Amino acid sequence: MSTKVNMRPEPDHNARRTAILAARPEVKELVGPSLATAWLGVGVVALQFGLAVALCHQPWWMVCLTAFCVGAFAVHCLNCIVHECTHNLVFRSPGANKAFALFVNLACLVPSAVGFRHYHLLHHHHFGVRGMDSDIPAGWEVRMVERRPLRKLLWLLFLPIVYAVIHPLHVRARLPRNIWLGLNVASCLLAVIAVAWFLGWPALLYLLLSTYLAVGPHPAGAHIVQEHIAFDGGSGMASYYGPLNFISVNLGFHLEHHDVPGIAGWRLPQLRRLAPDFYASHFHHRSRTEGLLRFIFDGRIGLDSRPIRELTARSAYTTS
């Protein structure tokens, strides 16, 4: 019979942040946005639409191969830029960050920027709380998948739908219907129509498949299972120190990000260098692909291999 991976309680990020700033006050100088991320976003959006143009007369297998080898990583990069915008780490103005997130989301064709902002901020404020943190799987989901490799693989195949549709349905704080959501949906719908009309189905397939793979069973999407599902010695909060950080605005420095979310991704390695004693003992990943395979085939790991707390009356339903 398989046994569960032993888990430590998740870190208290408020206490850790206080301790880090007390021990290393120079960390405060790292806080703030980075305009360099905006230039990266413009370049990757141009790359995606440029590849869509180049592939509009290519056979389906070339479209799929390019989406797997290039497009998934490009959309992963765009998703990470949306993450930076969510924390207002590209521009100083929240409005400018929201608008830029909508812009980079265009190349994904699926309107996710506004929804991600809402649910990700809840994830930070109510980490691990079922009913408020959309990363937490439902009880029926855990029981259905169990710890069986084939079921975990199937779960990964449906992960974009699970994260975009199923998990948000279990969150008490609903996504507000406002002008930003309307603009997000309308702009992506116009992008879909324009690509289909002017470039045809191969280009549309390339962009949509890239978006699917960036969150699904692909090294680009592996961060979803690595960040908060506990592996050996894990606590439901792990970082990744590998080469994909170069295209993910250092999203892999995840423990560091939760400790001080006001630091732009490009400066997170500096946080780790300034306060190494706070991170040296924590479990971390060095390979996205290895983590994906471990999740599938390790019988000790399941969807509930993470700290989970139940919603209480004291939980607040607000984001900032």
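Values in this document were obtained by computation on a predicted structure and should not be read as measured data. Both backbone and side-chain heavy atoms feed into the values below; hydrogens, waters and symmetry mates do not.
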Check: A222 main-chain N/O paired with R288 side-chain donor or acceptor under 3.5 Å: no
Test item: N97 side-chain N/O and V90 main-chain N/O as donor-acceptor pair under 3.5 Å: yes
Value rounded to 0.5 Å, distance of CE in M144 from CG in L154: 9.0 Å
Flag side-chain contact, heavy atom, 4.5 Å: H83 against V249: no
Nearest non-hydrogen partners of R147 and S305, listed with the distance: NH2-OG, 3.3 Å
Test of ring centre spacing under 6.0 Å for H228 and H258: yes
Any donor-acceptor N or O pair under 3.5 Å, side chains H167, E141: yes
Check: H13 and L255 side chains under 4.5 Å, non-hydrogen atoms: yes
Nearest-0.5 Å distance that lies between atom NE2 in H76 and atom CD1 in I81: 10.5 Å
Salt bridge R130-D135, side-chain N to carboxylate O under 4.0 Å: no
Non-hydrogen side-chain atoms of R309 and H126 separated by less than 4.5 Å: no
Evaluation steps, side-chain contact (heavy atoms from CB on, under 4.5 Å), between F68 and L209: CA-CA 8 Å; F68 188 89; L209 187 57; over 6 Å; no
Parallel, tilted or perpendicular: rings of H170 and W140 (30°, 60°): tilted
Main-chain N/O of Y279 paired to R272 side chain as donor or acceptor, under 3.5 Å: no
Expected output: side-chain S239 to main-chain H254 donor-acceptor under 3.5 Å: yes
L122 and F127, any side-chain heavy atoms less than 4.5 Å apart: no
Expected output: side-chain R16 to main-chain F278 donor-acceptor under 3.5 Å: yes
Check: L157 main-chain N/O paired with Y212 side-chain donor or acceptor under 3.5 Å: yes
Single-linkage hydrophobic cluster L47~L244, side-chain heavy atoms < 4.5 angstrom: no
For A214 against N79, the heavy-atom pair lying closest together: CB-ND2, 4.2 Å
E256 (side chain) donor-acceptor with P261 (main chain) under 3.5 angstrom: no
Which atom pairs, one a donor and one an acceptor, fall under 3.5 Å between side chains of residues 178-207 and the rest of the protein, sequence neighbours left out?
from, atom 1, to, atom 2, distance (Å)
N178, OD1, W180, N, 3.2
N178, OD1, L181, N, 3.0
N184, OD1, A113, N, 3.2
N184, OD1, V114, N, 3.1
N184, ND2, N105, OD1, 3.0
S187, OG, L183, O, 2.8
S187, OG, N184, O, 3.1
Y206, OH, Q48, OE1, 2.5

Residue R177 excluded, over 12 heavy atoms near CZ under 6.0 Å: no
CD/E29: more than 12 non-hydrogen atoms of other groups inside 6.0 Å: no
K98 vs N88, side-chain contact (heavy atoms from CB on, under 4.5 Å): CA-CA, chis, key distance, verdict: CA-CA 8 Å; K98 291 178 182 179; N88 299 323; 5.8 Å; no
Within one Ile-Leu-Val-Met-Phe-Trp-Tyr cluster: F283 and L292, side-chain cutoff 4.5 Å: yes
Distance (rounded to the nearest 0.5 Å) between K152 NZ and F295 CZ: 6.0 Å
Stepwise ring-ring contact (aromatic ring centres under 6.0 Å, His included) test for F253 and Y240: CA-CA 6 Å; F253 288 76; Y240 156 79; 8.6 Å; no
Beyond-backbone contact of H125 with M132, side-chain heavy atoms, under 4.5 angstrom: no
Nearest non-hydrogen partners of G252 and N245, listed with the distance: N-OD1, 2.8 Å
Verify same cluster id: L303, L159 (apolar side-chain graph, 4.5 Å): yes
Cluster link L213 to L65, ILVMFWY, side chain under 4.5 Å: no
H124 side chain near H87 side chain, heavy-atom distance below 4.5 Å: yes
Criterion salt bridge (Lys or Arg N to Asp or Glu O under 4.0 Å) on R17 and D12, from CA distance to verdict: CA-CA 9 Å; R17 179 163 54 252; D12 182 339; over 6 Å; no
Validation row, ring centre H223 to ring centre H285 under 6.0 Å: no
Pair D133-H123, side-chain hydrogen bond (donor to acceptor under 3.5 Å, both in side chains): steps then yes or no: CA-CA 5 Å; D133 184 351; H123 165 71; 2.9 Å; yes
Smallest separation among heavy atoms of L268 and N250, with atom names: CD1-O, 3.9 Å
By side chain to side chain donor-acceptor pair (under 3.5 Å) - contacts of W266 (at least two apart): T37
Nearest atoms (heavy-atom pairs only) where V31 meets V260: CG2-CG1, 4.3 Å
Sidechain-backbone polar pair: H118 side chain, R174 backbone, donor-acceptor under 3.5 Å: yes
Mutual orientation of the aromatic rings belonging to H120 and F116 [parallel < 30°, tilted 30-60°, perpendicular > 60°]: parallel
Atom pair CZ (R267) and CG (L89), whose distance is rounded to the nearest 0.5 Å: 8.5 Å
Nearest heavy-atom neighbours spanning G128 and I136: CA-CD1, 3.8 Å
Straight-line distance of L55 CG to T66 OG1, nearest 0.5 Å: 4.5 Å
Side chain S248, main chain C80, donor-acceptor under 3.5 Å: no
Path from V104 to V44 over hydrophobic side-chain contacts below 4.5 Å: yes
Criterion side-chain contact (heavy atoms from CB on, under 4.5 Å) on F103 and V45, from CA distance to verdict: CA-CA 8 Å; F103 167 73; V45 168; 4.0 Å; yes
Distance in Å, I301 CD1 paired with I296 CD1, rounded so as to fall on 0.5 Å steps: 11.0 Å
Side-chain donor/acceptor of R117 to backbone N/O of C85, under 3.5 Å: yes
CA sep, side-chain torsions, deciding dist, call: V129, E310, side-chain contact (heavy atoms from CB on, under 4.5 Å): CA-CA 6 Å; V129 178; E310 296 302 321; over 6 Å; no
